[in-house]
Number of protein chains: 2
Amino acid sequence: MKIAEVSEKYGLSPDTLRYYERIGLISTVNRKENGIRDYDEADLQRIEFIKCMRRAGLPIDVLIDYIGLVEQGDSTIEERKAILQEQRRLLVTRMEEMQQTLNVLDYKINLYDEAVLKKEKAMNRKIVKEAIAE
Amino acid sequence: MKIAEVSEKYGLSPDTLRYYERIGLISTVNRKENGIRDYDEADLQRIEFIKCMRRAGLPIDVLIDYIGLVEQGDSTIEERKAILQEQRRLLVTRMEEMQQTLNVLDYKINLYDEAVLKKEKAMNRKIVKEAIAE
DNA sequence: ACTTGACCTGGAGTTAACTCCAGGTGCTAG
DNA sequence: CTAGCACCTGGAGTTAACTCCAGGTCAAGT
């Protein structure tokens, strides 16, 4: 699969895909004779994983470490698990903070709703008053 | 309240507080005769709000817009509400993505748990075998 | 009087994560 | 055979959000 298709499929720009390879987040992708990248199934799986983790804000350097361990084989299983657990912990914390902010936003939006209603009521009273005055 | 106390109270560095003021996120803070910032209650409330929003990832330029509208008074209520609703929507989307990533992480951690168990079992079998062999 | 420490300013530097670009190669359709 | 893409590389530029720094003021303690 060529870079443009991969880019299309995962919504990552070709530049980003090459960048990920440069920094060692994706191990060197196979090339066709002419030097053009030809992503295989394993590459795609890795890209999907990276995309998922990045979307949630996991930092690239942590992912590089993790993937380095994956490549070292079974002896690193416990270390990898520890990394994921730590990142899971951080993720949950961030989500809790976001939930708090969401509550604040809802509270404020609700205040604005009420303010808008009050404004409208005042407007209506004014209209009625004027109608009576005529 | 001096900048060091505010910094302490909200966990934002003095540099960050001055930076927020420079870019117009906090309206100009009053000074004592000697030119030193003296944060009042309104400043603190604004800082708390900003901190809460920033923690959830709301971008600074959006907050600058929002706060500019707050300062323009009641005529901007609907516009402000629209901003908060839009940010709320984006926040929910991000949280949903994070939840998906959390599920993937849990799945992977679980796989590692099983892998570790298997490893241990194999180890135990080996030990038992050796014990019998003796 | 002098040192210390908190504060000030304007401006430069940093970090993460891309994103863009110039200059070059190589298939393919007209 | 040549025009037009899609691809390549190494390196530079960008963006958001800080963070740091040099050089200066000022009040308080010794």
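Labels below follow one simple rule: chain letters A, B, ... track the order of the sequence lines, proteins then strands, and each chain is numbered from 1. Values below: every heavy atom of this structure, side chains too, minus hydrogens, waters and symmetry copies.
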From [options], pick the nucleotide closest to the side chain of [X]?
X: B:S13; options: D:dT19, D:dC7, D:dG10; answer: D:dT19
X: A:Y19; options: D:dC20, C:dC18, D:dC18; answer: C:dC18
X: B:I3; options: C:dC7, D:dT19, C:dT9; answer: C:dC7
X: A:N34; options: D:dC8, C:dG26, C:dC8; answer: C:dG26
X: B:I36; options: D:dC20, D:dC18, C:dC7; answer: C:dC7

Got a salt bridge between A:E96 and B:R55, using NZ or NE/NH1/NH2 to carboxylate O under 4.0 Å? no
Could you check how far [atom1] of [X] sits from [atom2] of [N], rounded to whole Å?
X: A:K2; N: C:dG26; atom1: NZ; atom2: C1'; answer: 11 Å
X: A:Y39; N: D:dA6; atom1: OH; atom2: C1'; answer: 13 Å
X: B:R22; N: D:dC20; atom1: CZ; atom2: P; answer: 13 Å
X: A:I64; N: C:dC18; atom1: CD1; atom2: P; answer: 11 Å
X: A:L17; N: C:dT19; atom1: CG; atom2: P; answer: 11 Å
X: A:I23; N: C:dC18; atom1: CD1; atom2: C1'; answer: 9 Å
X: B:K32; N: C:dA6; atom1: NZ; atom2: P; answer: 14 Å
X: A:E5; N: D:dA6; atom1: CD; atom2: C1'; answer: 12 Å

Close side-chain approach of B:I60 to B:Y20, heavy-atom, < 4.5 Å: yes
Would you indicate whether the side-chain heavy atoms of B:C52 and A:V104 approach each other to under 4.5 Å? yes
Are any of [X]'s side-chain N or O atoms less than 4.0 Å away from OP1 or OP2 of [N]?
X: B:Y20; N: D:dA17; answer: no
X: A:R37; N: D:dC8; answer: yes
X: A:R31; N: D:dT9; answer: yes

Do B:R18 side-chain and C:dG10 base share a donor-acceptor contact under 3.5 Å? no
Relative to the ring of B:Y66, is the ring of B:F49 parallel (under 30°), tilted (30 to 60°) or perpendicular (over 60°)? tilted
Distance (rounded to the nearest 0.5 Å) between A:E21 CD and A:I47 CD1: 8.5 Å
Please report the interatomic distance OG1(B:T101) to CD(B:E97), rounded to the nearest 0.5 Å. 7.5 Å
I'd like to know if the side chain of A:K32 and the backbone of A:R37 have a donor-acceptor N/O pair within less than 3.5 Å. no
Of all of residues 47-61 of chain B, which get a heavy atom below 4.0 angstrom from DNA chain D, listed by number? B:R54, B:P59, B:I60
